[in-house]
Amino acid sequence: MERIALIDYGSGNLRSAEKALQTVARTLAGEREIVATADPDYIARADRLVLPGVGAFKACMDALTIRYGLVEAMNVAVRERGAPFLGVCVGMQLLASRGLEFGAHEGLGWIPGEVKILKPKDPHAKIPHMGWNALELERPHPLFEGMGDQTDMYFTHSYAMTPADPSATVASVDHGGRFAAAVALDNVAGVQFHPEKSQANGLALIGRFLEWRPQ
Amino acid sequence: MVKVRVIPCLDVKDGRVVKGVNFVALRDAGDPVEQARAYDAAGADELMFLDITASHERRGAMLDVIARTADVCFMPLSVGGGIRTVEDARALLLAGADKVSINTAAVEDPDLLSRGADAFGSQCIVAAVDAKQVSPGRWNIFTYGGRNDTGKDAVDYARLAVEKGAGEILLTSMDRDGAKTGYDIALLRAITGDVSVPVIASGGAGSAKDLVDAVKLGGADAVLAASIFHFGEVGLDEAKQAMAQAGLPVRRG
């Protein structure tokens, strides 16, 4: 039985993410337990981790760090044991070394890079970037395997991550300029869009995450 | 390029849909969850629930509707109606809503938008503006479901709402609401040209062409409609096809 920890740190819409994970898990072979939790013991031993997040970078990072042992447990699972990890929206942004929303703040630093406000070159591109937009695949990755180019996903954000190493960008999106829609490094991945709100396209990505075996 | 969103709106009272959807046969036409599923399957880009429950005590039913909908529909959900505090918003977001649309309470206390944006991010906070024309090129905002003329200018208020932290404007023309004569293009232009956040056009849709015009002429980022979708007068497919033919970016399921 695989243990999947959906990290519950008081940020965002856990219920949608939990229901999406459960719905997809039922369609896959194998047994999985999906638990929304902030328990360091469970998280340190989890087979996979999902980190959601909405709101401001600092508020989310603070909410992670004030929970005793949480970041340490995530480090044990992801960095030491190599458990597959998926960050969603601000959960992806927290992977960066630092965020520049309401001042500069340190992130998890698992994928070196910075999170900055979107500044579209096209004046018609509104901020927040809100709605369905098409992904451009930058390089092959198991999370996007079999997915056609120009697949629409649902975005809602005003900040975006710029990885220090451009090859960390797996998929990009254009909104008055191109930026990272998905990043990955080893067993760590993050998506700026909301797979749990992107109907069939998003659920398919969640399915691939649940079966992902990083090399 | 981000797609133009097509957003059906369901009026919910005490947890039941008031104007039933009948573009498909439903087992229970009053169940908002069944209707949400039908729209999910039909390719809606987002769904708006408008809670028109009169008494505050009975609003808990909306939490159940949102939770049951979020359990089966994996698309963005917005909820409006009767939200007066950050705690009201939090309860809806925890139940599974992605955005809350705030009208009267934000007009009376625009800082509520700031408190909401601080707590959940601007992308969660929609400022709902009910506007009625009072003279050429001037619209006042109305509160309490359109019963109270605040005397405030709609364009000024929209600008203030964005400054305070609203991430989106839901702009309803009270003159056009239910008239099916098309959205108020002049009102849309006055506001879409003035604010930096997405604007949802609401009030007046009668045909697929009206949806196209709201975007092409009015500058809207999304179009909301109720009865034309509920009664199958315009199918979501037909709406998107018309928009695509007009050169607008739309999502095809």
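Everything numeric here is computed off the predicted structure, so don't read it as measured data. Every chain is numbered from 1, with letters handed out A, B, ... down the list of sequences. Scope of the values below: all heavy atoms of this structure, side chains included, with no hydrogens, waters or symmetry mates.
- Interface summary for chain B: among N133(A), I127(A), L203(A), D174(A), the most heavy-atom pairs under 4.5 angstrom belong to N133(A).
- For chain B, the nearby parts of Q199(A) are the backbone and the side chain; heavy atoms of each come within less than 4.5 Å.
- To the nearest 0.5 Å, atoms CZ (F74(B)) and CG (N201(A)) are separated by 14.0 Å.
- None of K3(B), R251(B), R252(B) except one satisfies the side-chain hydrogen bond (donor to acceptor under 3.5 Å, both in side chains) rule with D152(A); the exception is K3(B).
- With a threshold of 4.5 angstrom between heavy atoms, A95(B) approaches chain A through N, CA, C or O but not through any side-chain atom.
- For CD of E106(A), the number of neighbouring non-hydrogen atoms (other residues, nucleotides, ligands) closer than 6.0 Å is 12 at most.
- Checked by atom type and distance alone, the side chain of K126(A) pairs as donor or acceptor with a backbone atom of V197(B) at under 3.5 Å.
- Residue contact with chain B, scored on non-hydrogen atoms closer than 4.5 Å, involves the backbone of S198(A) exclusively.
- Proximity to chain A (any heavy atom under 4.5 Å) is shown, for D40(B), by both the backbone and the side chain.
- Contacts between A97(B) and chain A at a heavy-atom distance below 4.5 Å involve the backbone alone (N, CA, C, O).
- Considering only heavy atoms from C-beta on, E168(B) comes within 4.5 Å of M130(A) through its side chain.
- Among G167(B), G121(B), A70(B), the residue with the largest count of heavy-atom pairs under 4.5 Å with chain A is G167(B).
- Distance check: S16(A) OG to L77(B) CG gives 7.0 Å after rounding to the nearest 0.5 Å.
- Interface check for chain A: of the options E46(B), R5(B), K99(B), R90(B), the most heavy-atom pairs under 4.5 Å are formed by R5(B).
- Using a 4.5 Å cut-off between heavy atoms, A59(A) does not touch chain B at all.
- If you measure heavy-atom distances from H194(A) to chain B, you find no contacts under 4.5 Å at all.
- Environment of CE in M147(A): crowded, with over 12 heavy atoms of neighbouring residues, nucleotides or ligands closer than 6.0 Å.
- By the neighbour-count criterion of 12 heavy atoms within 6.0 Å, atom CD of E145(A) is sparsely surrounded, having that number or fewer from other residues, nucleotides or ligands.
- Neither the backbone nor the side chain of A41(B) has a heavy atom closer than 4.5 Å to any heavy atom of chain A.
- P249(B) places none of its side-chain heavy atoms less than 4.5 Å from the side chain of W132(A).
- Proximity of F155(A) to V2(B): side-chain heavy atoms (C-beta onward) are nowhere separated by under 4.5 Å.
- Under a cut-off of 6.0 angstrom, the local environment of CZ in R189(B) is sparse, with at most 12 non-hydrogen atoms contributed by other residues, nucleotides or ligands.
- Side chains of K197(A) and D98(B) form a contact here, defined as non-hydrogen atoms less than 4.5 Å apart.
- Surrounding CD of E31(A) are at most 12 heavy atoms belonging to other residues, nucleotides or ligands under 6.0 Å away.
- Note: D71(B) CG to T23(A) OG1 = 8.0 Å, rounded to the nearest 0.5 Å.
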